[in-house]
Amino acid sequence: MNYSSDEDDKPLVFRRTLKPDKAKCSSQPPKPSPKPSNDSDSEDDKPLSSKFSTVSKGNTNHAKNGAHVSVSTAPKPQVKDEDSDDEKPFSSKFISKPKMGSANKVHQNRSASRDNQSRNIGVNKRPLDEERSLGQSSVKKSKLSDSSIPVNRKPVNLKAETNSDDDDDDLPISERIKNQASSSSKPSSIKQKVIKKKSSSLNQTNKKSKKVVKNSKYSKPSKVPPGSGEGQKWSSLAHNGVIFPPAYKPHGVKMLHKGKPVDLTPEQEEVATMFAVMLDTDYMTKPKFKENLWGDWRNILGKNHPIQNLDDCDFKPIYEWHQSEKEKKKQMSTEEKKALKEEKMKLEEKYMWAVVDGVKEKVGNFRVEPPGLFRGRGEHPKMGKLKKRIHPSDITINIGKDATIPECPIPGESWKEVRHDNTVTWLAYWNDPINIKEFKYVFLAASSSLKGQSDKEKYEKARMLKGYIQGIRNAYTKDFGNKDVTKRQVAVATYLIDKLALRAGNEKDDDETDTVGCCTLKVENVEPSPPNILKFDFLGKDSIRYQNEVEVELPVFKAIQQFQTGKKGGDDLFDKLDTSKLNAHLKELMPGLTAKVFRTYNASITLDDMLSRETKGRDVVENVVVYQHANKEVAIICNHQRSVSKSHSAQMTRLDEKIGELKDVIKELETDLARAKKGKPPLKNSDGKLKRNLNPEASEKKIAQTKVKIEKMERDKETKEDLKTVALGTSKINYLDPRITVAWCKRHEVHIEKIFNKSLLAKFAWSMDVDPSFRF
DNA sequence: AAGAGGACTTAGGACGCACGAT
DNA sequence: ATCGTGCGTCCTAAGTCCTCTT
């Protein structure tokens with residue numbers, strides 16, 4: 001299976017830079033050449049960066065340095081499955097203490113030049129204001145009731161297809177494409193590989209359930225491959241259920257109604273308090289929030305309650321009480337805090353762990369969500385609604401047949417249901433009180449081997465795409481002009497997903513924030529600007545704004561224009577398409593392929609490519625900067641943003657001031673130096689005393705030092721400005737194959753802890769023993 | 001084919017703490 | 001010793017995509 005290195009797989013993503021004004025990125029369209037892809041090494045699958053972009057010129061950095069130590073190929077814990085490098089949750093002992101300290105930053109120069117076939121111009125961040133587009137086109141019906149049906153769904157087991165290379169028997173995808181695509185097709189020669197689904201045959205084994213170990217002594221890993229059997233995720237599962245938030249403790253602080261204190265029952269007071277503590281948030285400026293809150297609160301107040309209007313209420317007394325409580329907490333001595341923390345730990349300890357197939361694993365979210373007011377993102381229609389308290393009778397527990405059923409932690413109450421479904425990985429769930437048709441699940445933590453396994457499968461699938469990408473690009477390029485509108489839309493949508501790393505874009509209900517992805521783009525979200533520029537502007541996941549201008553090849557441009565003709569701004573751009581059709585189509589091109597795989601692929605291939613460029617001869621600090629630069633590129637591609645911190649501008653100002661001061665110092669030193677050279681006496685200080693005259697050498701040295709300091713500060717400043725809206729973490733956690741990073745660290749003798757923090761090390765334990773020559 | 005139901009991944013913000021600068 | 005920052009962790013919302021039902 002070697003995907004080994006083709007040096008050239010480029011993602012065709014159009015990069016975006018974050019400075020609207022300066023950014024000029026471009027990338028090249030896929031080569032229209034219908035030439036069959038045989039495989040990965042053709043030009044088309046390289047990271048954009050290598051192909052199209054000039055990378056920034058000077059990277060500078062000032063990271064702290066650390067020892068150059070190569071990654072330890074730690075004694076790897078027990079292997080969990082046949083295919084190699086998975087391992088047991090690793091114990092911390094294998095890891096040297098991550099030293100997280102200051103961040104090393106990248107100084108980059110914006111506006112990298114790119115080839116000019118396409119270019120991106122501008123990108124902006126998070127103007128949440130943005131007006132929403134018209135109503136959603138389709139509304140879903142409400143779903144019916146609940147979960148009564150236990151068990152039995154058999155998830156398909158995708159897991160196997162990890163190997164890439166060898167699968168050769170194929171579906172003539174290319175062929176298919178050809179045939180179907182009416183358009184000009186030339187005999188394909190795309191030799192598409194097909195992965196045989198080996199799934200079923202393998203892993204049928206049923207692990208006999210091993211005795212469940214109670215959670216105190218765990219025998220170390222018995223190596224049972226997780227996910228064996230048809231859809232089976234585990235053989236034995238033991239855990240202690242979930243922990244509930246404490247019951248509400250009334251504080252008795254009276255809020256005012258028409259200026260006078262009102263008595264509230266504890267239940268009424270609880271909601272009032274939820275609202276009061278949000279007085280200083282900007283939810284207060286949203287009528288919808290108040291309206292929803294009021295709707296739920298008045299139900300609790302009852303019809304005849306004196307409070308008949310939210311505007312008559314003054315919650316300040318409660319707000320202030322809350323502030324003072326917060327303050328008190330802050331004032332506690334560190335010992336007190338520590339004691340409190342320990343107490344909490346003691347209480348929670350038993351819930352933190354599960355034993356899966358004999359292995360003790362961390363549970364991700366064992367705390368039941370406390371009641372509160374719903375805080376949706378963006379313009380959520382349900383913001384402010386009361387999220388009611390969850391009781392044991394709301395909760396379904398999933399646990400091994402042989403395991404002891406967790407005792408309900410609230411005396412006198414009991415679980416809604418207990419299941420023993422080993423085809424799923426959740427330990428418990430309850431219905432989301434805000435959207436009763438939906439569920440909140442309790443899963444294992446990211447460090448668990450169940451999660452690790454599926455993470456690895458995700459990256460293997462993305463790597464598999466590498467072998468198909470050329471053919472896929474050729475195919476959709478050919479279909480830009482297909483007479484069949486649906487096919488044309490599929491082609492263009494796939495292109496956007498590939499090039500711009502857009503999300504698939506499922507339909508949304510009316511009672512959700514109106515955001516879009518590729519398939520749900522509205523006409524008004526894409527503005528064609530002749531001859532061939534497309535201006536994108538829409539709110540995506542989490543209401544993060546996506547703004548980008550891209551030069552595309554003419555057929556795409558024309559197709560978009562044509563999709564728009566005769567439609568209104570709020571109409572669907574891709575009216576013949578939805579995610580299930582799109583994914584169904586993608587599956588014909590590669591087994592298991594879905595839209596999201598392109599994001600993973602483009603992110604990882606970009607990292608792999610950027611890291612593989614000349615980085616020899618750099619020191620660790622420089623290498624880390626290179627890494628961060630690559631990380632940033634990926635974050636931009638994926639549109640991972642963060643909001644600018646409140647103190648950002650103040651911080652910038654302060655840096656400016658400091659730089660100014662240092663410049664003054666230099667001036668003074670230069671003056672002194674000049675005088676000294678001429679044999680003149682030193683000037684006087686502000687207090688009138690004569691300054692000590694430095695000898696010229698000392699002055700010069702000091703000047704030089706100060707200049708270095710200024711340069712460093714200026715780089716810091718630039719980096720800070722540069723990254724103020726870029727979130728690097730998301731891609732690191734979810735999109736970048738950790739094996740790329742680990743292998744690169746090994747090759748460059750960079751301590752892995754310089755790149756992965758403790759959580760990431762635990763999450764990526766499965767990737768730690770990758771061969772240094774690994775390439776995505 | 002569409003919709004409902006279900007399970008799982010991906011996401012940004014809040015918060016608190018440790019650490020480096022002063 | 002104090003202060004401000006940057007980072008990690010927690011929290012839970014918001015996506016994706018699958019399968020089953022109609």
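Proteins get letters first, then strands, A, B, ... in listed order; numbering begins at 1 in each. Since the model is a prediction, treat every value here as computed from it, not as a measurement.
- Each of A/Lys658 and A/Phe443 was assigned the nucleotide of DNA chain B with the nearest heavy atom; the assignment lying further toward the 5' end belongs to A/Phe443.
- The salt bridge (Lys or Arg N to Asp or Glu O under 4.0 Å) analysis of residues 439-451 of chain A, with sequence neighbours excluded, yields the pairs A/Glu369-A/Lys440.
- Under the 3.5 Å distance criterion, with hydrogens and angles disregarded, a donor-acceptor pair is assigned to the side chains of A/Tyr735 and A/Arg599.
- Listed nucleotides C/dT9, C/dA14, B/dG13 differ in distance to A/Arg642; the shortest reach to its side chain belongs to B/dG13.
- Of all nucleotides listed (B/dG12, C/dC17, C/dT5), C/dC17 comes nearest to the side chain of A/Thr594.
- When the nucleotides C/dT16, C/dT12, C/dG15 are ranked by their closest atom to the side chain of A/Lys440, C/dT12 comes out on top.
- The residue among A/Ile733 and A/Lys341 whose nearest nucleotide of DNA chain B is located toward the 5' end is A/Ile733.
- A/His640 has no side-chain polar atom (N or O) that falls below the 4.0 Å cut-off from OP1 or OP2 of B/dT10.
- Between A/Thr579 and A/Ile434, the residue anchored nearer the 5' end of DNA chain C, judged by the nucleotide with its closest heavy atom, is A/Ile434.
- For residues 274-283 of chain A, no residue pair satisfies the salt bridge (Lys or Arg N to Asp or Glu O under 4.0 Å) rule, not counting sequence neighbours.
- Mapping A/Lys387 and A/Ala595 onto DNA chain C by nearest heavy atom places A/Lys387 closer to the 5' end of the strand.
- With B/dT9, B/dT10, C/dG8 as the choices, the nucleotide that has an atom nearest any side-chain atom of A/Tyr735 turns out to be B/dT10.
- Residues passing the side-chain contact (heavy atoms from CB on, under 4.5 Å) test with A/Arg377 are A/Asp542, sequence neighbours excluded.
- For A/Phe598, there are no ring-ring contact (aromatic ring centres under 6.0 Å, His included) partners, not counting sequence neighbours.
- Annotation: proximity of residues 364-377 of chain A to DNA chain C (heavy atom, distance under 4.0 Å) is found for A/Arg367, A/Glu369, A/Pro370, A/Phe374, A/Arg375, A/Gly376, A/Arg377, numbered in ascending order.
- A/Lys541 contributes a side-chain N or O that forms a donor-acceptor pair with the base of B/dT10 under 3.5 Å.
- Contacts of A/Phe374 classified as ring-ring contact (aromatic ring centres under 6.0 Å, His included), with partners at least two apart in sequence or in another chain: A/His380.
- Taking every side-chain heavy atom of A/Arg654 into account, C/dG4 is the closest of B/dC8, C/dG4, C/dC17.
- Side-chain N/O atoms of A/Asn506 include none lying less than 4.0 angstrom from OP1 or OP2 on C/dG15.
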